[in-house]
Amino acid sequence: MKRRHFIKNASLTGVGLTVGSSLIACAQENSKTEKTSVVANPKASLPLVIATWNVPNATSKAWETLKNGGSALDAVEKGCMVEEADVNNTSVGKGGLPDRDGHITLDACIMDKHGNCGSVVYLENIVHAVSVARKVMEDTPHVMLAGKGAEQYAYELGMPKNNLLTESSKKAWEEWKVKSEYKPIINIENHDTIGMLAIDENGDISGACTTSGLAYKMAGRVGDSPIIGSGLFVDNEIGACVATGLGEEVVKTVGSFLVVELMRQGKSPQEACEEAINRIVSKPNSNYKDFQVGYIAVNKQGETGSYSIHNGFSMTKFQDGENTNQTSNHFIKTE
């Protein structure tokens, strides 16, 4: 059922329509590694795909989608789905590491060129959380569905129930329970997301983000990934940003929205990412040495940037038929 039909059939009040309208409009193949964090090219060749971390299979799928005539929105969904289905990726989708009670819960969001957005939080038993988020955006009057409601909606869409806990993830969880010590490891347990941004040949931008969250988190924990403005933000007139790392710290600074607004003020994607990281590390009593946050961004001109607190973060980029992984520059220089 399309969104407009849903609204009509629900007989929403005038106030409900106003609120609904406000919500609606809310604004790995092998790859070669390059020691660079930004490519500034005001006449960038389109289409263009970038993603957090070293995920060449995901960017390849997104690029293929674009070259076959798909939109930027199609591309980011299809690209993220690759990682959701990869049982060897223990931070996204099927095969993710569970919470401390042994349950895998997924968070995801997606945002299109019009500023429409959709999100799911604490979703269980469904592999492709990003696809559920897209359907929330396109076919309901809401922006976010949570928990059992999101799961039920996925079943109504015809998505199959799937046990997301693989034997290897279950074994890792059982080993963790021996001591039950919760201490996220930088670039490992904090490597909790794939975020992807794409610009199609028309110059239109979309983005998506999907994750199984921090390993051995408290039951019910939700990070930045499904939160529009924190884990992801797209403004088709300016650019887009997506975050990764310790989501609690991204939420506290509304990081992705901040990066896009800094680009609106004239900063390059690289400068904007660096300033957003500086906002985190400069907070009073920040323990930034103990956690990782990274941003990637692209502006309307096709310039890209990436930056993180610690070494080890990277951005995968597919452009001009070339799929590359680019090591991000970082705040702490002594590592």
Side-chain angles (χ1 to χ4, degrees), residues 26 51-53 55 80 83-84 89-101 103-111 117-124 126 128-130 132-133 136 143-147 150-151 164 169 173 176 182-197 207-233 241-259 273 276-277 279-281 283 286-288 290-296 308-310 312-313:
C26 83
T52 55
W53 306 101
V55 288
C80 285
E83 295 305 313
E84 288 177 331
N89 186 335
T90 59
S91 62
V92 176
K94 187 176 178 66
L97 293 173
D99 63 21
R100 59 189 60 183
D101 296 325
H103 302 295
I104 296 178
T105 59
L106 307 182
D107 303 323
C109 71
I110 197 165
M111 197 165 185
C117 44
S119 172
V120 291
V121 302
Y122 207 66
L123 175 66
E124 296 184 84
I126 302 296
H128 295 302
V130 70
V132 185
V136 171
V143 166
M144 183 180 294
L145 292 181
E151 185 179 348
L164 304 180
S169 290
W173 168 62
W176 174 84
Y182 181 70
K183 186 177 181 181
I185 303 171
I186 291 169
N187 292 332
I188 299 177
E189 289 182 19
N190 274 346
H191 170 177
D192 63 342
T193 307
I194 175 177
M196 182 176 287
L197 306 172
C209 190
T210 184
T211 182
S212 57
L214 294 177
Y216 318 126
K217 61 194 176 185
M218 292 178 63
R221 181 264 185 187
V222 174
D224 67 302
S225 297
I227 309 300
I228 301 298
S230 291
L232 170 71
F233 195 71
C241 175
V242 70
T244 188
L246 188 60
E248 283 78 359
E249 298 301 323
V250 178
V251 169
K252 291 174 186 177
T253 54
V254 198
S256 292
F257 178 79
L258 173 61
V259 170
C273 289
I277 291 295
R279 297 285 182 95
I280 294 174
V281 302
K283 291 177 63 177
S286 174
N287 62 334
Y288 65 88
D290 297 329
F291 62 82
Q292 174 72 304
V293 170
Y295 293 107
I296 65 171
S308 60
I309 297 175
H310 294 266
F313 178 53

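With rounding to the nearest 0.5 angstrom, the OG1 atom of Thr52 is 13.0 Å from the OH atom of Tyr295. Atoms CD1 and SG, from Ile110 and Cys80 in turn, are 7.5 Å apart once rounded to the nearest 0.5 Å. Here CZ of Phe313 is found 7.5 Å from CD of Gln292. Values are rounded to the nearest 0.5 Å. In this structure, CD in Glu83 is found 8.0 Å from OG in Ser91, a value given to the nearest 0.5 Å. To the nearest 0.5 angstrom, Cys209 atom SG is 9.5 Å from Leu197 atom CG. Atom CD1 in Ile227 sits 11.5 Å away from atom OG in Ser256 (nearest 0.5 Å).
Here Glu151 pairs with Lys148 under the salt bridge (charged side-chain N to carboxylate O under 4.0 Å, His left out) rule; sequence neighbours left out. Applying the side chain to side chain contact (heavy atoms under 4.5 Å, CB included) criterion to Ile104, with sequence neighbours excluded, gives Pro98, Leu106, Leu164, Leu165, Ser212. Residues that satisfy the salt bridge (charged side-chain N to carboxylate O under 4.0 Å, His left out) test with Lys283, not counting sequence neighbours, are absent from this structure. Applying the side chain to side chain donor-acceptor pair (under 3.5 Å) rule to Thr105 yields the partners Lys217; only residues at least two apart in sequence or on another chain are considered. Under the salt bridge (charged side-chain N to carboxylate O under 4.0 Å, His left out) criterion, Glu84 pairs with no residue, sequence neighbours left out. When the side chain to side chain contact (heavy atoms under 4.5 Å, CB included) test is applied to Ala219, the partners found at least two apart in sequence or on another chain are Asp99, Asp101, Tyr122. Taking the side chain to side chain contact (heavy atoms under 4.5 Å, CB included) definition, one finds that Leu258 meets it with Leu262, Ala276, Arg279, sequence neighbours left out. With sequence neighbours excluded, the residues satisfying side chain to side chain donor-acceptor pair (under 3.5 Å) with Ser169 are Thr166.
Across all non-hydrogen atoms, the minimal contact from Val120 to Ala150 is CG1-CB, 4.2 Å. The heavy-atom pair separating Ala243 from Val250 by the smallest distance is CB-CG1, 3.8 Å. Heavy-atom minimum distance, Val293 versus Glu249: CG2-CB, 4.2 Å. Smallest separation of non-hydrogen atoms from Val92 and Ile194: CG2-N, 3.9 Å.
Two residues are said to be in side-chain contact when any heavy atoms from C-beta on lie closer than 4.5 Å; Glu248 and Leu214 meet this criterion. The shortest distance between side-chain heavy atoms of Ile280 and Phe291 falls below 4.5 Å. By the 4.5 Å heavy-atom criterion applied to side chains, Tyr216 and Leu97 are counted as neighbours.
His310 places a side-chain N or O within donor-acceptor distance of the main-chain N or O of Tyr288, the cut-off being under 3.5 Å. The backbone N or O of Pro226 sits less than 3.5 Å from a side-chain atom of Ser119, completing a donor-acceptor pair. Side-chain N or O atoms of Thr193 include none that pairs as donor or acceptor with a backbone N or O of Gly195 at under 3.5 Å. Side chain of Ser230 to main chain of Gly255: no donor-acceptor pair is present (N/O by atom type, distance under 3.5 Å, no hydrogens or angles).
Ring geometry, Phe233 versus Phe257: the interplanar angle exceeds 60°, so the pair is classed perpendicular (tilted spans 30 to 60°).
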